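Just follow the structure's listing: the first ligand is 1, and inside any ligand the first atom is 1. Given the structure is predicted, the values throughout are model-derived calculations rather than measurements.
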Amino acid sequence: MQTLLSELKQIVGKNHVLTDGDLSAWTQDWRKRSFGKALAVVRPASTDEVARVVEVCASFRAKHPDSGLSIVAQGGNTGLVVGSTPDVSGQQIILSLQRQNAIRSLDAANLTMTVEAGCILQTLQERASIEGFLFPLSLAAEGSCTIGGNLGTNAGGTQVVRYGNTRDLCLGLEVVTAQGEVWHGLSGLRKDNTGYDLRHLFIGSEGTLGIITAATVRLYPLPAARLTAWVAVPTLDAAVNLLNLAHRHLGAGLTGFETMGQIALSLVEKHFPSLRIPLYRDCPYCVLMENSDHESEFHARIQFEGLLELALNQGCVSDAVVAESLMQTKALWQIRESIPLAQAQEGLNIKHDISLPVSAIPEFVRVTDALLESAIAGVRLVNFGHLGDGNLHYNVQAPAGMEAIEFLRAHEAQVNTLVFDSVKSFGGSISAEHGVGSLKVDQLPRYKSPVALKLMRDIKHALDPLNLMNPGRVVKL
Ligand SMILES: Cc1cc2nc3c(=O)[nH]c(=O)nc-3n(C[C@H](O)[C@H](O)[C@H](O)COP(=O)(O)OP(=O)(O)OC[C@H]3O[C@@H](n4cnc5c(N)ncnc54)[C@H](O)[C@@H]3O)c2cc1C
């Protein structure tokens with residue numbers, strides 16, 4: 001191993017192969033559920049360096065198949081399924097892309113931007129905005145997650161209802177393969193039917209097939225106005241009706257539709273008392289709606305008012321406020337984005353990032369809430385998420401007063417099976433946007449078709465025959 005480490009130091013410089021000191025920022029996952037041990041954290045600064053690191057590791061692994069040496073790609077380490085941190089063997093290298101973070105180019109006429117994998121999402125958004133464009137991917141971790149990690153997980157976030165997930169925002173990739181070769185696929189093409197679209201294999205593969213080193217992403221013109229409304233709804237059925245009305249009334253202007261349950265909002269109030277949360281005490285759910293308008297704020301407001309009047313008349317809305325300023329808009333989004341942070345402060349919980357046909361969501365929640373409440377007295381159901389694209393964060397928190405660790409030990413397996421079986425019976429998916437990582441890898445055989453799993457294993461074998469890339473994540477061989 002010492003020879004290997006020396007070779008790695010020659011490639012990236014000795015200051016960028018970290019083996020000593022506190023490495024917990026790289027070895028511990030964001031939710032502090034997993035504490036791994038790395039052979040080294042390796043921090044290359046260019047595609048060439050990434051390729052040479054992978055090549056050296058592949059060659060070592062081929063010579064020492066029992067060494068357990070493997071590579072875990074890491075961006076911002078904000079992933080929620082324990083996919084970006086090493087296991088406890090001490091034989092895995094964390095390949096951190098954070099130093100490879102340049103914005104390479106922006107093609108205004110082609111509405112594209114080419115960025116390196118370690119570029120922080122917020123940096124990308126800000127650069128696009130300065131040039132008059134929108135890069136619509138948006139999530140609460142945007143200040144620390146990277147575009148490489150977003151692509152690795154096919155991240156979703158709050159704008160999927162209009163712009164799709166990261167896959168839909170990517171037109172080309174540059175990838176270092178598991179053999180250390182570079183695939184130069186940074187096309188800005190919207191049409192290219194020259195065979196299999198390799199880009200889609202790597203997007204969402206969570207570092208198990210290769211290392212994404214750069215991407216060409218889509219840009220959109222900045223809207224003239226982005227207006228938000230905070231709406232109290234009497235039931236989830238009413239929220240779904242409101243969503244349908246919003247689609248019809250706002251068309252492509254509907255760029256966000258988030259639901260937040262009362263318990264989720266009460267946790268925000270408890271842990272972030274400075275945030276003022278409107279209308280939530282007297283209704284089971286609130287909705288945060290966003291209308292992006294290419295004409296003007298005045299036009300956006302008129303459209304919103306028309307929609308809300310219609311919705312009030314039809315009984316899908318109990319009360320509503322429309323933001324009066326950009327500051328108010330930001331404050332409303334901050335409430336929504338504080339939910340995962342408030343939950344983390346409340347203690348460990350059992351997270352479910354699930355998707356369902358939107359039409360099935362109210363019944364799914366009724367049935368599953370009842371099952372959980374009868375299985376565990378006093379359990380707190382922290383339900384929020386991106387209703388506009390059928391994605392719920394259906395999280396289960398310990399009853400008040402019960403130790404989180406004790407709750408997880410006693411109930412995690414039972415709760416997961418109950419929720420995932422229910423998801424399956426409603427035709428949903430057990431991972432909507434966070435991925436599989438190591439947290440859900442053992443659940444897949446129960447919920448995914450055997451044919452799909454076999455194809456996934458075949459792809460993994462074909463692209464990474466040494467099982468060098470993030471082994472044991474996504475699919476087990
Ligand atoms: C507060 C909070 C809110 C969040 N909200 C959302 C949300 O709304 N929607 C959503 O989808 N996610 C959300 N997440 C999850 C997380 O932010 C995303 O999964 C994000 O895309 C991860 O980016 P990262 O750079 O931190 O990746 P990491 O956590 O470092 O890595 C994630 C996975 O991608 C792989 N990977 C990383 N970089 C590369 C690369 N260059 N090439 C190949 N594979 C790579 C890793 O091996 C790992 O498997 C949230 C997380 C937090 C903490």
Side-chain angles (χ1 to χ4, degrees), residues 25-32 34 41 44 47 50 54 70-86 92-101 115-124 137-160 165-167 173-178 201-215 256 258 333 336-345 351 353 355 384-386 389 391-393 431-441 464 469-474:
W26 293 275
T27 55
Q28 186 176 303
D29 78 308
W30 189 85
R31 292 178 65 208
K32 300 190 175 37
S34 165
V41 178
T47 303
V50 173
V54 173
S70 50
I71 298 176
V72 181
Q74 191 179 96
N77 196 18
T78 67
L80 296 176
V81 289
V82 191
S84 54
T85 48
Q92 295 193 296
I93 278 177
I94 299 176
L95 198 153
S96 167
L97 278 295
Q98 280 177 327
R99 288 179 66 224
Q100 198 183 346
N101 57 18
V115 288
E116 293 182 346
C119 183
I120 300 286
L121 174 57
Q122 193 174 329
T123 308
L124 203 166
L137 181 65
S138 178
L139 44 127
E142 63 201 22
S144 44
C145 66
T146 62
I147 188 67
N150 303 146
L151 287 157
T153 56
N154 186 27
T158 57
Q159 305 277 298
V160 174
N165 45 33
T166 313
R167 185 184 299 287
L173 286 182
E174 179 185 88
V175 174
V176 170
T177 69
L201 274 183
F202 292 104
I203 298 173
S205 68
E206 300 180 47
T208 61
L209 301 179
I211 312 286
I212 296 166
T213 48
E258 302 285 307
W333 275 112
R336 161 64 185 86
E337 283 167 2
S338 300
I339 298 176
L341 306 171
Q343 259 214 293
Q345 292 203 16
K351 278 193 187 299
D353 160 45
S355 66
F384 65 98
H386 319 294
D389 37 276
N391 178 189
L392 294 184
H393 297 308
S431 178
E433 60 177 7
H434 294 163
V436 177
S438 44
L439 213 56
K440 291 186 190 157
V441 68
D464 180 21
M469 298 295 185
N470 219 358
R473 271 73 194 259
V474 182

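Side-chain contact, T47 with Q100: a donor N or O sits under 3.5 Å from an acceptor N or O. A side-chain N or O of N77 and one of S84 form a donor-acceptor pair less than 3.5 Å apart.
Residue T146 has at least one heavy-atom neighbour below 4.0 Å for each of these atoms of ligand 1: 24 (P), 25 (O). Every atom of ligand 1 is numbered from 1 in the order shown, and the set under 4.0 Å from a heavy atom of G210 is 43 (C). Interface atoms of ligand 1 facing L97, defined by a heavy-atom separation under 4.0 Å, are 41 (N). Every atom of ligand 1 with a heavy atom of H434 under 4.0 Å away is listed here by number and element: 10 (C), 12 (N), 13 (C).
For the residues E206, E433, Q98, E337, the heavy atom positioned nearest atom 35 (C) of ligand 1 is part of E206. Closest heavy-atom approach to atom 6 (C) of ligand 1 among the candidates T208, V176, V436, L139: L139. One option in I212, T78, I203, L95 has a heavy atom closer to atom 41 (N) of ligand 1 than any other, and that option is I212.
A side chain to side chain contact (heavy atoms under 4.5 Å, CB included) with L121 is found for one member of N150, T78, V115, T146 and no other, namely N150.
No salt bridge links E206 with R473; every basic N to acidic carboxylate O contact stays at or beyond 4.0 Å.
Contacts between N150 and ligand 1 below 4.0 angstrom, taking non-hydrogen atoms only, involve backbone and side chain alike. The backbone and the side chain of A155 each have at least one atom closer than 4.0 Å to an atom of ligand 1 (non-hydrogen atoms only). The proximity of N470 to ligand 1, defined as any non-hydrogen pair under 4.0 Å, is limited to the side chain.
You'll find the side chain of L80 reaches within 4.5 Å of the side chain of R31, heavy atoms only.
Protein heavy atom closest to atom 23 (O) of ligand 1, with residue, atom name and distance, is C145 CB, 3.4 Å. Here the heavy atom of the protein found nearest to atom 3 (C) of ligand 1 is A140 CB, 3.7 Å.
Using cut-offs of 30° and 60° for the angle between ring planes, the H393 and F384 rings count as tilted.
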